[in-house]
Engineer: 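One structure, pasted below without further comment.
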Amino acid sequence: DYYIEKGDFVKLDNVTLGYNFMPKSGKSKIPAFRVYLTGRDLLTITGFDGLDPEVQDTGTSPGLASRDTAPTLRSIKLGLNVKF
C-alpha cells in the first residue's frame, strides 16, 4: 500500500481555436484564409507524483512512474490555410 497513489486527474489535452477570413466580394484579389492555434497537453491537475497519470500511448499500464518512459510534451502550433 505504500506505493499506491490516487490516479484521479483533470486534463486539457487537445484544443484548436481558429478564425476564417473571407473576401467581401467575389472579385477580390485577397484570398480566403484561416488562422488557427492548436495546443496539446496544455494543463494537468492531479495529486499524482509521477510524470503522467494518464494511460500511456504505448501500453495499458496507467500512471506508471518508471524510468524508461518519457513525459508527454506540451506543444503549441500556429497555422495558416490559404485558398487561392
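Note that the structure is predicted; figures quoted are calculated from it, not measured. FYI, the numbering just counts along the sequence from 1.
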Engineer: What's the spacing between L12 CG and R40 CZ if we round to 0.5 Å?
Structural biologist: 12.0 Å
Engineer: Mind checking side chain to side chain contact (heavy atoms under 4.5 Å, CB included) for L80 and listing every partner two or more places apart, or none if nothing turns up?
Structural biologist: F33, V35, V82
Engineer: So, taking the atom named OH in Y36 and the one named CG in N81, what distance separates them when rounded to the nearest 0.5 Å?
Structural biologist: 5.0 Å
Engineer: Not counting sequence neighbours, list each pair that qualifies as a salt bridge (Lys or Arg N to Asp or Glu O under 4.0 Å) and has a residue in residues 4-23.
Structural biologist: K11-D41, K11-D52, K11-E54
Engineer: Only distances under 3.5 Å count here; give the side-chain donor-acceptor pairs of residues 14-21 to other protein atoms, sequence neighbours excluded, each with its distance to 0.1 Å.
Structural biologist:
unit_1	atom_1	unit_2	atom_2	d
T16	OG1	T38	OG1	3.2
N20	OD1	R34	NE	3.4

Engineer: Which atom names give the shortest non-hydrogen contact between P31 and P23, and what distance separates them?
Structural biologist: C-CD, 4.5 Å
Engineer: Give every residue pair that meets the salt bridge (Lys or Arg N to Asp or Glu O under 4.0 Å) criterion with at least one member in residues 75-84, sequence neighbours excluded.
Structural biologist: none
Engineer: Would a single hydrophobic cluster contain both L43 and L37, if residues Ile, Leu, Val, Met, Phe, Trp and Tyr are joined by side-chain heavy-atom contacts under 4.5 Å?
Structural biologist: yes
